[in-house]
Protein chains: 2
Amino acid sequence: MVMAPRDELVFDVFARNCTSRPVMDTVAGRWGILTLAALLEGTHRFNELRRRVDGVSEKMLSQTLHALERDGLVTRSVLSAIPPRVEYSLTAAGKRIADKLTELIDLVEAEMPGISQAQAAYDAER
Amino acid sequence: MVMAPRDELVFDVFARNCTSRPVMDTVAGRWGILTLAALLEGTHRFNELRRRVDGVSEKMLSQTLHALERDGLVTRSVLSAIPPRVEYSLTAAGKRIADKLTELIDLVEAEMPGISQAQAAYDAER
DNA sequence: CGGCATCCCATCCGATACTG
DNA sequence: CAGTATCGGATGGGATGCCG
C-alpha cells in the first residue's frame, strides 16, 4: 500500500504489510473460498452452509463468516423466530469475488487429472 | 472425488476428502498465490523470488516451490555453475492457474477501498 | 547462491461442552 | 437452530546454523 500521484491509494498484495494481505488470506483461505463459492449458489442458513462446505467445523465456519462480514463481502440477517433463523448471503462485492473464486475452483478441478499424474510421477522418483 | 458414469473421474473440492483439497490449499494458500503470480512475470531464481514475494521465509518458499513442483505447476532447473544457479518457471498448467490467480489478485486489490471502509465501519460498532 | 536440518513458538483448528 | 467458550494437539512459520 503506497501513495500514488494525487493521493490515490494503491494496494499491492506483494508488499509485506499491505492491508490486502489479510483480506487475501480470508478470501482465498481454505474455508473462505468454499464459503464464498457456496453462497454464490444462493442464501444459506448456518447449518446449510456446514453441510455444503463438507468438513468445516462450527468454529471455523463461524470465524470465517465473521471475517467475511467484516470485509463487507457477506451479510448476516437474523430473522426473529423460534427456532432462530439466520441467513447469510453475498454483497455485490462478495458476488464479484465469489465469481472469480468459482472460476478458480473450476479451473483447478479441470487440471486435477494432470496434477494427480504429476504427483504420482514425482512420488515414484523418491 | 466420486465415480461418474463410464469411470470418468470427477473432482469436487466441496467434498471433504477430495484430492483437490490439498491442491487448492497449496495453490490458493498465502504463499502459493504470490509465488505463482510472481512466476507468471517470468522465470525467477530462488532469491529473486524471495525478494518479489515480500516477507516469505526461506523455509516457506522452499516448501511452497516443492509442493508446486510436485503438482506439476512449476519446473525447477539447475544450471551447473559456480555459484549455483537454480531457475523456477511455470509449466503450461501452472500458467493457466497463475493467470486466474492474477485475475483474483487484481480483483481483490480493486475491491480494497470498499473492503477497508467496511472493516472500519464494522470495527467502529464494537 | 541455494538450499536443508533443527529448534521453538504462535496460530490454527477440531473436539467437546455449554447457552439463548 | 445458531452459535460461544475452552482445551489441547497439529501445523505453520520464523530464526539459526550448516553444507555443497
Side-chain angles (χ1 to χ4, degrees), chain A residues 13-17 21-35 38-39 42-70 74-89 122 125-126, chain B residues 13-17 21-35 38-39 42-70 74-89 122 125-126:
Chain A
V13 80
F14 280 102
R16 185 203 288 266
N17 50 9
R21 280 259 176 113
V23 173
M24 278 295 300
D25 288 348
T26 300
V27 160
R30 182 182 306 170
W31 305 123
I33 294 182
L34 295 176
T35 302
L39 287 175
T43 297
H44 283 68
R45 298 174 62 177
F46 188 82
N47 282 315
E48 285 175 349
L49 272 177
R50 266 204 85 186
R51 284 185 290 274
R52 182 70 182 115
V53 182
D54 192 21
V56 70
S57 68
E58 260 179 31
K59 177 181 167 180
M60 291 316 298
L61 180 57
S62 175
Q63 206 170 97
T64 302
L65 285 168
H66 278 305
L68 293 173
E69 191 192 357
R70 175 170 182 268
V74 162
T75 58
R76 176 178 184 273
S77 44
V78 183
L79 290 69
S80 298
I82 295 176
R85 186 182 180 90
V86 180
E87 295 187 338
Y88 294 91
S89 50
Y122 184 96
E125 286 189 1
R126 2 236 141 176
Chain B
V13 80
F14 281 102
R16 186 203 289 265
N17 50 8
R21 279 257 177 114
V23 174
M24 278 293 303
D25 289 348
T26 301
V27 160
R30 183 181 305 169
W31 304 123
I33 294 182
L34 296 176
T35 302
L39 288 175
T43 297
H44 283 68
R45 298 175 62 176
F46 188 83
N47 281 315
E48 285 175 349
L49 272 177
R50 269 203 82 185
R51 284 186 290 275
R52 181 71 180 114
V53 182
D54 192 20
V56 69
S57 69
E58 194 183 272
K59 176 181 167 180
M60 291 316 299
L61 181 57
S62 175
Q63 206 171 97
T64 301
L65 286 168
H66 278 305
L68 293 173
E69 191 191 358
R70 176 172 182 266
V74 162
T75 58
R76 175 177 185 275
S77 43
V78 183
L79 290 70
S80 297
I82 295 176
R85 186 182 179 89
V86 180
E87 295 187 337
Y88 294 91
S89 49
Y122 184 97
E125 285 190 3
R126 6 236 136 176

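Below, chains carry the letters A, B, ... as their sequence lines are ordered, and counting in each starts from 1. Everything numeric here is computed off the predicted structure, so don't read it as measured data.
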Pairing residues for [X] by the side-chain hydrogen bond (donor to acceptor under 3.5 Å, both in side chains) criterion, not counting sequence neighbours:
X	value
B:Arg85	B:Glu87
B:Asn47	none
A:Arg70	B:Asp123
A:Arg21	none

(message) Reading DNA chain C in the 5' to 3' direction, which nucleotide is the first one with an atom under 4.0 Å from a heavy atom of chain A, and which is the last?
(response) C:dC13 to C:dG20
(request) Enter the distance from B:Tyr88:OH to B:Glu48:CD here, rounded to the nearest 0.5 Å. (result) 12.0 Å
(message) Nearest 0.5 Å, please: how far is CG in A:Leu65 from OG1 in A:Thr75?
(response)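 So the OG1 of A:Thr75 and the CG of A:Leu65 are separated by 10.5 Å.
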(request) Return the angle between end axes of the helix from C:dC1-D:dG20 to C:dG20-D:dC1, with five pairs used per end and rounding to 10°. (result) 50°
(request) Applying salt bridge (Lys or Arg N to Asp or Glu O under 4.0 Å), name anything that partners B:Arg76, two or more places apart in sequence or on another chain. (result) none
(request) For B:Arg51, enumerate each residue passing the salt bridge (Lys or Arg N to Asp or Glu O under 4.0 Å) test, keeping only those at least two apart in sequence or located in another chain. (result) none
(message) For a 4.0 angstrom threshold against heavy atoms of chain B, report the outermost contacting nucleotides of DNA chain D in 5' to 3' order.
(response) D:dG13 to D:dG20
(message) Less than 4.5 Å apart, side chain to side chain, heavy atoms only: is that true for A:Leu39 and A:Leu68?
(response)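 They are not in contact (no side-chain heavy atoms under 4.5 Å apart), so the answer is no.
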(message) With a 4.5 Å cut-off on side-chain heavy atoms, are B:Thr35 and B:Val74 touching?
(response)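 B:Val74 does not reach B:Thr35 side chain to side chain.
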(request) Identify, residue by residue, the members of residues 23-33 of chain B with a heavy atom below 4.0 Å from DNA chain C, and return them in order of residue number, or none. (result)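 Correct list: empty, so none.
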(request) Compare every heavy atom of B:Leu49 with every heavy atom of B:Ala38, then report the nearest pair and how far apart it is. (result) CB-CD2, 3.8 Å
(request) Taking all heavy atoms of A:Thr43 and all of A:Ser89, pick out the closest pair and write down the distance. (result)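 For A:Thr43 versus A:Ser89, the nearest heavy atoms are OG1-CB, 3.4 Å.
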(message) Assuming nearest nucleotide by heavy-atom distance, tell me which of A:Lys59 and A:Tyr88 is located more 5' along DNA chain D.
(response) A:Tyr88
(request) Name the residue closer to the 5' end of DNA chain D, choosing between B:Gln63 and A:Glu87 according to the nucleotide with the nearest heavy atom. (result)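 Residue closer to the 5' terminus by nearest nucleotide: A:Glu87.
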(request) Residues of residues 44-56 of chain A with any non-hydrogen atom less than 4.0 angstrom from an atom of DNA chain D: list those, numerically ordered, please. (result)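 Contacts with DNA chain D under 4.0 Å: A:Arg45, A:Phe46, A:Asn47.
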Result block: side-chain N/O donor-acceptor pairs under 3.5 angstrom for residues 53-64 of chain B, not counting sequence neighbours:
unit_1	atom_1	unit_2	atom_2	d
B:Asp54	OD2	A:Arg16	N	2.9
B:Ser57	OG	B:Met60	N	3.2
B:Thr64	OG1	B:Met60	O	2.7

(request) Show your working on side-chain contact (heavy atoms from CB on, under 4.5 Å) between A:Phe46 and A:Val86 and close with a plain yes or no. (result) CA-CA 7 Å; A:Phe46 188 82; A:Val86 180; 5.7 Å; no
(request) Assign B:Glu58 to base, sugar-phosphate, or nothing according to its heavy-atom contacts below 4.0 angstrom with the strands shown. (result)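 Base contact.
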